[in-house]
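Okay, so here's the structure we're looking at.
So you know, we letter chains A, B, ... as the sequences are listed, proteins then strands, and number each from 1.
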2 protein chains.
Amino acid sequence: MISFEETIQKLRSEGFKLTPQRLAVIRYMLGNTEHPSALKIHKELRRRYPTLSFSTVYNTLGMLEKIAEVQSLHIFDDYLNYDPNIQPHIHLYCKGCGNIYDIMFEGRDDVVVPRNEIEGFLIDSIGLVMKGTCKHCR
Amino acid sequence: MISFEETIQKLRSEGFKLTPQRLAVIRYMLGNTEHPSALKIHKELRRRYPTLSFSTVYNTLGMLEKIAEVQSLHIFDDYLNYDPNIQPHIHLYCKGCGNIYDIMFEGRDDVVVPRNEIEGFLIDSIGLVMKGTCKHCR
DNA sequence: GTACTTGCAAACAGTTTGCATAGGC
DNA sequence: GCCTATGCAAACTGTTTGCAAGTAC
């Protein structure tokens with residue numbers, strides 16, 4: 001998600017209707033670096049849109065994920081987090097403050113993943129999954 | 001999970017009882033590089049242990065995870081996979097054959113994560129989450 | 001006016017739990 | 001024999017779906 005206009009444009013061109021609920025989710029996610037859960041998004045937006053339902057939040061996030069304006073993250077066991085940053089990047093979850101920090105590739109073609117420490121962050125566990133095509137299947 | 005004896009030893013010393021069901025799960029996981037799901041484990045073992053229940057499979061996997069002889073993996077959206085390899089390593093899931101390949105750190109202190117290709121594997125997406133403690137919380 | 005979207009409630013699926021019975025030690 | 005483990009079924013939880021009413025276009 002780069003800008004409001006670009007996202008709106010893409011939705012229009014794909015035939016999605018611009019409802020107030022969808023626009024609210026889009027505005028909430030734009031530039032949001034907190035990696036909110038669906039619950040958090042729903043709770044926050046409900047203050048201004050009291051009838052906003054969970055299914056609409058999920059529907060909108062699913063729509064944004066389908067047009068690649070948002071990605072869902074499996075950081076915790078029991079729910080998903082959503083990220084408007086769709087560039088390839090790395091997540092550091094701090095067990096102390098609960099923050100989720102981003103490390104970008106920043107134009108580089110690779111990132112060095114250390115076993116112990118990265119940018120002052122002390123690593124307990126590394127979960128790295130890549131999806132794609134193996135050499136036998138190419 | 002390095003060996004049968006070492007795992008048995010650890011369970012005994014932690015006060016866990018060695019039931020046929022638990023031994024079956026342990027034998028099934030030992031050296032298994034397929035990253036099976038609980039469903040797969042249950043289905044396979046049920047051929048020899050027709051009354052083996054899902055809850056016992058989950059209970060046993062939970063026990064093995066607690067004593068750090070197994071780790072659970074969030075590779076897919078809808079279920080967990082289990083891995084007896086508890087060394088830090090990387091998973092490559094091939095959309096073609098469905099295999100999950102391991103890349104070990106192999107004594108090194110870091111792994112270079114490229115954006116496009118690794119060991120002949122063509123990368124579509126990278127999911128990397130590290131958990132630990134940030135510099136402010138140390 | 002015609003779809004598509006919403007909001008509610010019910011369904012869904014993987015995992016977890018409660019409890020009476022079974023069995024390791 | 002004691003106490004934990006098992007197996008069944010029911011509960012749980014985040015997410016998804018069905019459908020009547022509402023609304024963007």
Under 4.0 Å between a side-chain N or O of [X] and OP1 or OP2 of [N]?
X	N	result
B/Q21	C/dG24	no
A/T19	C/dT6	yes
A/N59	D/dT16	no

Aromatic ring pairing A/H91/A/H89, orientation class (parallel under 30°, perpendicular over 60°, tilted between):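 Geometry flag for A/H89 against A/H91: perpendicular rings.
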
Please compare B/G15 and B/P50 by the position of their nearest nucleotide in DNA chain D and report the one closer to 5'.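 On the 5' side of the pair lies B/G15.
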
How many whole angstroms separate atom [atom1] of [X] from atom [atom2] of [N]?
X	N	atom1	atom2	answer
A/F16	D/dC25	CZ	C1'	16 Å
B/K17	D/dT6	NZ	P	10 Å
B/D78	D/dT13	CG	P	20 Å
A/Y79	D/dT15	OH	C1'	15 Å
B/I8	C/dG24	CD1	P	14 Å
A/E65	D/dT16	CD	C1'	14 Å
B/L45	D/dT6	CG	C1'	15 Å
A/K66	D/dT16	NZ	P	12 Å

Taking the side chain as C-beta and beyond, is there a heavy-atom pair between A/L128 and B/I126 under 4.5 Å?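 Sidechains of B/I126 and A/L128: in contact.
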
Any side-chain heavy atom of A/N99 within less than 4.5 Å of one from B/H136?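 The answer is no; the side chains never approach within 4.5 Å.
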
Between A/E34 and A/K40, does any side-chain N to carboxylate O distance fall below 4.0 Å?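 Yes, A/E34 and A/K40 are salt-bridged.
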
Which is true for [X] with a 4.0 Å heavy-atom rule: it touches a base, it touches only sugar-phosphate, or it touches nothing?
X	answer
A/P20	sugar-phosphate
B/S55	base
B/Y58	base
A/L80	sugar-phosphate

Choosing from [options], which nucleotide comes nearest the side chain of [X]?
X	options	result
A/R22	C/dG14, C/dC25, C/dT6	C/dT6
A/R12	D/dA5, D/dG7, D/dC25	D/dC25
A/S53	C/dG7, C/dG14, D/dT15	C/dG7

Look at atom CD of B/E117 and say whether more than 12 heavy atoms of other residues, nucleotides or ligands are closer to it than 6.0 Å.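 Atom CD in B/E117 is crowded, with more than 12 foreign heavy atoms closer than 6.0 Å.
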
